[in-house]
Amino acid sequence: MKKPFILFILFFVQFYFGQGSGFSFRVNSITEFYDSQSSIYIRRYQGSEISLKLNLTNEELTLINDFFDKIKFYDFPDNFSCDEKISVLPNVSYDILLRKNGLIKESINSSCIKNDNEKEREFEKLWNFIFSILNNKEVIRKMKNSDIELI
């Protein structure tokens, strides 16, 4: 009776703290999308899009996970929004979602590209870090750039 119980506890611990509830993330903008859980990458064009399967290595995922931890992403606001006193157009949104250990945190930056606080700068650094890894993949480098113009 003890042995099945111990095996159940070990299975539960592995599932809860291991692969079953592990780390994944999603990034989304008007031109690009990537979800590490499904390994789907999408580049959007005017009137069309190209999607492909893009796997990151364990080392790349670890680097990205460490970056999330370093900047304390769970402390980010749900939404960085434009200062309504400033009229800057267009307002482009960048969305980052973190899934880790059964928790989900999403932060959307639609701040009119006005990084005037530390968390906004860290959001931009995280975004750029993730895309530096994605854009280093040969299949992404060979793709035509999006023709959606960001002003």
Side-chain angles (χ1 to χ4, degrees), residues 11-84 86-151:
F11 172 78
F12 177 78
V13 168
Q14 173 61 30
F15 178 77
Y16 187 75
F17 295 104
Q19 299 295 326
S21 63
F23 162 78
S24 67
F25 68 93
R26 183 189 73 206
V27 288
N28 187 33
S29 74
I30 192 169
T31 59
E32 292 179 284
F33 169 91
Y34 180 72
D35 188 336
S36 69
Q37 192 171 47
S38 63
S39 299
I40 298 295
Y41 175 87
I42 299 171
R43 179 160 296 160
R44 297 180 182 106
Y45 301 92
Q46 291 183 14
S48 68
E49 64 184 32
I50 296 175
S51 63
L52 51 93
K53 192 88 164 164
L54 180 67
N55 292 310
L56 296 179
T57 67
N58 286 335
E59 293 80 16
E60 291 165 332
L61 288 169
T62 298
L63 287 170
I64 294 169
N65 184 23
D66 290 348
F67 205 113
F68 274 105
D69 289 345
K70 177 182 161 191
I71 64 173
K72 298 181 174 134
F73 188 76
Y74 282 114
D75 295 338
F76 276 43
D78 293 340
N79 192 10
F80 294 99
S81 57
C82 256
D83 184 344
E84 294 183 15
I86 301 172
S87 178
V88 178
L89 293 176
N91 184 352
V92 177
S93 289
Y94 299 90
D95 170 359
I96 300 175
L97 180 119
L98 169 63
R99 300 176 202 98
K100 188 171 178 178
N101 298 326
L103 299 174
I104 298 174
K105 171 64 179 179
E106 182 173 26
S107 187
I108 300 168
N109 190 341
S110 55
S111 65
C112 304
I113 312 169
K114 177 190 63 65
N115 296 330
D116 64 353
N117 75 47
E118 185 62 28
K119 290 295 183 195
E120 284 179 303
R121 285 188 290 275
E122 289 175 339
F123 183 103
E124 183 178 9
K125 287 176 188 175
L126 173 62
W127 182 272
N128 290 337
F129 182 72
I130 291 169
F131 276 95
S132 72
I133 291 171
L134 293 174
N135 291 332
N136 196 38
K137 299 289 188 179
E138 184 175 350
V139 66
I140 300 299
R141 286 194 316 261
K142 289 182 176 182
M143 291 177 78
K144 185 178 110 183
N145 290 336
S146 176
D147 59 356
I148 298 173
E149 291 187 34
L150 303 176
I151 300 172

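What you are looking at is a predicted structure, and each value in this text was computed from that prediction instead of being measured. FYI, the numbering just counts along the sequence from 1.
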- Roughly how far apart are Ile108 CD1 and Asp95 CG, rounded to 0.5 Å? 5.0 Å
- Query: Quick one: do Arg26 and Glu106 make a salt bridge, cutoff under 4.0 Å?
  - Reply: yes
- Item | Spatial distance of atom NZ (Lys100) from atom CG (Asp69) [nearest 0.5 Å] | 3.0 Å
- Query: Can you name the one residue among Phe33, Trp127, Phe131, Phe123 that meets ring pair (Phe, Tyr, Trp, His ring centres under 6.0 Å) with Tyr94?
  - Reply: Trp127
- Item | Residues that Phe129 engages under ring-ring contact (aromatic ring centres under 6.0 Å, His included), provided they are two or more places apart | Phe67
- Quick check: does any side chain N or O of Lys119 sit under 3.5 Å from a backbone N or O of Ile71, one acting as donor and the other as acceptor? yes
- Message: Just so I know, are the side chains of Phe23 and Leu98 near enough to count as touching, which here means a heavy-atom distance under 4.5 Å?
- Response: yes
- Between atom CG of Leu134 and atom OG of Ser36, what is the distance when rounded to the nearest 0.5 Å? 9.5 Å
- Query: Counting distance only, does the side-chain N/O of Gln37 pair as donor-acceptor with the main-chain N or O of Ser24 below 3.5 Å?
  - Reply: no
- Task: Give a yes or no on whether a salt bridge exists between Glu124 and Arg121, defined as a side-chain N under 4.0 angstrom from a carboxylate O.
- Result: no
- Parallel, tilted or perpendicular for Tyr34 and Phe25, by the 30°/60° rule? tilted
- Task: Measure up the Phe80 and Phe76 rings against each other and bin them: parallel (under 30°), tilted (30 to 60°), perpendicular (over 60°).
- Result: perpendicular
- Message: Between Asn128 and Lys125, is there a side-chain heavy-atom distance shorter than 4.5 Å?
- Response: no
- Message: Run the side-chain hydrogen bond (donor to acceptor under 3.5 Å, both in side chains) test on Arg43 and Ser146 for me, step by step, so that the C-alpha distance in whole Å, both residues' side-chain angles and the decisive distance to 0.1 Å come before the verdict.
- Response: CA-CA 7 Å; Arg43 179 160 296 160; Ser146 176; over 6 Å; no
- Task: Keeping the roles fixed (side chain from Ser51, backbone from Ile42), state whether a donor-acceptor pair exists under 3.5 Å.
- Result: no
- Message: To the nearest 0.5 Å, what is the distance between CG on Leu56 and OG on Ser39?
- Response: 7.0 Å
